[in-house]
Each structure stands twice: as structure tokens, then as C-alpha cells.
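First up is the structure itself, then whatever we jot down about it.
Note that ligands are numbered from 1 as they come in the structure, with each ligand's atoms numbered from 1 the same way. What you see is a predicted model; the values in this text were computed from it and never measured.
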Amino acid sequence: MLTQPVFVTQPYLPPLEEFIPYLQSIWDNKILTNGGAFHQQLEQALRSHLGVEQVALFSNGTLGLITALQALRVTGDVITTPYSFVATSHSLLWHGNRPVFVDVEPHTLNMDPARIEAAITPQTTAILAVHCYGNPCDVQAIQKIADNYNLRVIYDACHAFGVEDEGGSILRHGDLSVLSFHATKVFNTFEGGAIVCPDAKTKQRIDHLKNFGFVDEVTVVAPGINGKMSEVNAAFGLLQLKHMDTVMRRRAEVDAVYRAQLADVPGLQILPKGNQTVSNHSYFPVLVTPEFKVSRDALYEHLKVNGVNARRYFYPLISDFPMYRGLPSAGRDNLPVAARAADQVLCLPIYPALTAEQQQRVVDLIKSA
Ligand SMILES: *Cc1c(COP(=O)(O)O)cnc(C)c1O
């Protein structure tokens, strides 16, 4: 019997016919980009959906990260995590900053505030932290350090769409937060992203920077980039937003089934939930410890040959890539918790269209490894 392959993630696509009227409107108006009607509508819709002050849309999250650094005029060294997608550190290199890697905490795999403080030097100007898997960083501790040492704080919140703590959206923390709307993320616009910022003045500067630095027809104030989101992407975002309740509900159900079914598997460690009050269930990471029957990579292969695509996310560590491994902070002895997580982590399939049968197959394969 042939069975359909199971993916690690699959984008949520609303029915195609629902998208046609949006396309018709674009065809009628002939405005394809540069802050058209859908772009403005999506910014407003996200402000209210997320409960944040200001949103500046981008063509992807990586350009959002680079522009966030430019908007805050970040110079010199930036303290960051090796346990993330490579775009986190790449944004620093693109902006001419030196990454300084610090280790993560074992239970959240987010940057350890005590390590941040120990890594500060006179060259340090900012902290670039990641809400890994959508679990919030220790935002209070990080802000306290930033205030004491006069550092800027940027959150790579690419995993954290819709996540809330007691005070509301976690995107309100730090100076700026950056989202990704890539096809693999919880909320997608095919490609896309956004910077969340606290005030209209900052948003205006960001809007100039994402449009080559143009302030008006004849005035360019900075070497800005082309980071604009197109009308097709913005329109798709508006449509996708209408379906987010369904998406979140299905993800929560998948998450709950894994937690129940895998709780007692010897040697398999489910990463505990963070201190958020609203989760987005963006990933389902497990740690395959040495007490498990087989190695992480053997389990990964076992799933793969049986049509289940899990993902070693994040592996390798960013600090092990050639453009980073020569940095003084990149040694594995400086980053033991992150290094162990990279060697043990496996993210299991989680997405709205994953069926109960498919999920059972994933569970059964893990148990039979
Ligand atoms: C997806 C992701 C990015 C990059 O976002 P793009 O929209 O693909 O450019 C950056 N950081 C993290 C943590 C991500 O998961």
C-alpha cells in the first residue's frame, strides 16, 4: 500500500476561489506594489489581530532584520544566539556587525541572560535575541541588562506570530520585533515579513528605509533597500488572516496529541512549554537523548525512509558554519547547551492539514525505531 508522504510542515492554503476577488481588484486597479490598498489594509489588520502599535510590512523577514539594525543605527558587536535559523546572524554580517554568540538555557533554548551580561564589552551595542519555537525569551531580564548597559534590543520573532504573555503580544518587547511570513511559518504570505515597532515616528523611518531611503520624490536620506511587500502577497495575507482561528486550533490539537502519545517514551524529551499565555504551536521539537533506543540521526533516517519528513531544526549551529566558526565566541566549549540541543533536536510534523492517521504513523514510527 502506498501512503502519502508526511511533511515537516505544509503551508495553509485557503480555497483558491476565495483569492480570485482579491486578484480581480489588483487587475482592476493596476497597483501592484509601493504601498497599495492591500498593503495598507494588511498593516492595519495585523495591528489589531496581534494587538501591537505599529506594523511595517516587508518582502521577507531577513530584510526586516537588516532594516531593524539600520533603523536603530546599530554599530559594532551584537550579542546573539547560535541556536537559530542562519538568517539571524546573516543579518548582522549584512549590516556590518560582528555576532557575539552566547549559550542558551536548556529548557527554552533561548539566550541565557546571565551569559549575555558576561559577554558585554565596550564594543557591544545591541542584543539580537530569538523567541525560539515561539517560546518567549526572558524579556524582563534582557531588558534590565539592556537598560543597565545602554544596549538596543531586537527580537527575531520569526517563530512568534500571535504569541502572548500576561501583558499581551510578546512582540511589544524590546526596541523592535521582526516577523517572517515565509511559506513555512504559522502565518504566511508566500514570502513576507514585518517589523513591529512602538510608535509612528519609528515606523516612518522604517518605511523610508524599506523604500531605498526615499522620503519624497526627490529626497533620499539613507542607503535603504527594496524591502517592500507586493500587493499580491498583502492580499494573500488578508485572506489568510481570516482563517487563522482554524489554523491555530488545528495546530493546538496536533500538539496535544503528540504530548499525550510521546510523554512516556524513554529517552525522548519533549521541550516544555514556555511561560506564554497564548501559544502558536509553530513547531514540535523533541530532544533525542542518549537514553533513547537509537541516535537522533538514526531516528531521523528511520522516519524518512518511511515517508515521514522530520527536520533537524536547528542543526548545525550557526556558529559552526564557515563564515562564523572563526569568531572567538563560536567555539562549542562556549556553547555547550546549544551544541547538545543541535545534536539531539528533531522537529516533528505539525500543520493544519496533518490527519490523525498521519500523526499516528509518526508516533508509531518513533515507538518502533
Ligand atoms: C524564517 C526565519 C528567518 C528568515 O525569515 P525569511 O522570511 O525566510 O527571510 C529568520 N529567523 C528565524 C528564526 C526564522 O525562523
Side-chain angles (χ1 to χ4, degrees), residues 8-12 42 46 55-70 78-95 97 99 101 104 108-111 126-137 153-163 170-171 173-174 176-196 206 210 225-230 232-234 236-237 240 251 271 274 279-285 311-319 321 323-324 338 341-342 345 347 350-351:
V8 66
T9 184
Q10 199 181 59
Y12 181 81
L42 183 58
L46 287 172
V55 173
L57 294 175
F58 274 79
S59 48
N60 60 64
T62 304
L63 287 174
L65 286 170
I66 296 168
T67 302
L69 294 163
Q70 196 177 18
V78 177
I79 297 178
T80 192
T81 171
Y83 193 78
S84 181
F85 183 62
V86 72
T88 308
S89 292
H90 276 2
S91 71
L92 295 173
L93 294 194
W94 274 95
H95 191 250
N97 300 112
F101 296 111
V104 296
T108 61
L109 303 180
N110 288 326
M111 271 162 80
I127 298 166
L128 175 56
V130 178
H131 299 299
C132 193
Y133 307 129
N135 290 328
C137 292
V153 179
I154 298 173
Y155 284 106
D156 177 337
C158 288
H159 292 181
F161 186 95
V163 176
I170 67 163
L171 305 171
H173 296 295
L176 299 173
S177 289
V178 180
L179 291 164
S180 168
F181 307 149
H182 183 257
T184 54
K185 305 300 205 271
V186 165
F187 169 80
N188 92 85
T189 59
F190 286 34
E191 292 268 6
I195 299 181
V196 173
I206 292 165
K210 79 177 188 192
I225 203 152
N226 182 359
K228 298 182 265 74
M229 178 181 280
S230 86
V232 178
N233 299 105
F236 186 77
Q240 176 98 192
R251 283 182 168 275
L271 208 69
S279 298
N280 66 4
H281 311 287
S282 48
Y283 299 88
F284 197 88
R311 190 173 172 197
R312 292 168 289 190
Y313 191 71
F314 298 103
Y315 167 83
L317 283 185
I318 297 175
S319 45
F321 288 122
M323 66 297 298
Y324 299 105
V345 73
C347 284
I350 184 166
Y351 50 90

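- In terms of protein heavy-atom proximity, atom 2 (C) of ligand 1 is nearest to Lys185 NZ, 3.0 Å.
- For a threshold of 3.5 Å applied to N or O pairs, the pair formed by Gly61 and ligand 1 contains at least one separation below that value.
- Nearest-residue assignment for atom 8 (O) of ligand 1 (options His182, His131, His90; heavy-atom criterion): His182.
- Looking at atom 15 (O) of ligand 1, its nearest protein heavy atom turns out to be His159 NE2, 2.9 Å.
- Contacts with ligand 1 closer than 4.0 Å are made by side-chain heavy atoms of Tyr313 only, the backbone lying farther away.
- Considering backbone and side-chain N/O of Tyr283, none are found under 3.5 Å from N/O of ligand 1.
- Between Glu191 and ligand 1, no N or O atom pair is found at a separation short of 3.5 Å.
- Listed by number with element, the atoms of ligand 1 under 4.0 Å from a non-hydrogen atom of Ala87 are 4 (C), 10 (C).
- Using 4.0 Å as the threshold, Gly193 has no heavy atom nearer than that to any atom of ligand 1.
- For the residues Val86, Thr62, Asp156, the heavy atom positioned nearest atom 11 (N) of ligand 1 is part of Asp156.
- Remark: side-chain polar atoms of Arg311 are not paired, donor with acceptor, to backbone N or O of Val8 under 3.5 angstrom.
- In this structure, Leu93 CG and Met323 CE are separated by 8.0 Å, a value rounded to the nearest 0.5 Å.
- Rounding to the nearest 0.5 Å places CG of Asn188 at 10.5 Å from CZ of Phe161.
- Atom CG of Asn110 is separated from atom OG1 of Thr81 by 7.5 Å, given to the nearest 0.5 angstrom.
- Between the side chain of His131 and the main chain of Pro136, no donor-acceptor pair closer than 3.5 Å is present.
- At a 3.5 angstrom cut-off on N or O pairs, Ser180 counts as close to ligand 1.
- The closest approach between a heavy atom of Gly192 and any atom of ligand 1 is below 4.0 Å.
- Proximity to Asn60 (heavy-atom distance under 4.0 Å) selects the following atoms of ligand 1: 7 (O), 9 (O).
- Using modelled atom types, one side-chain atom of Thr80 and one backbone atom of Leu128 make a donor-acceptor pair closer than 3.5 Å.
- Using a distance-only test at 3.5 Å, with no hydrogens or angles considered, no donor-acceptor pair links the side chain of Glu191 to the main chain of Asn233.
- Taking CZ from Phe85 and SG from Cys158, the interatomic distance works out to 9.0 Å, rounded to the nearest 0.5 Å.
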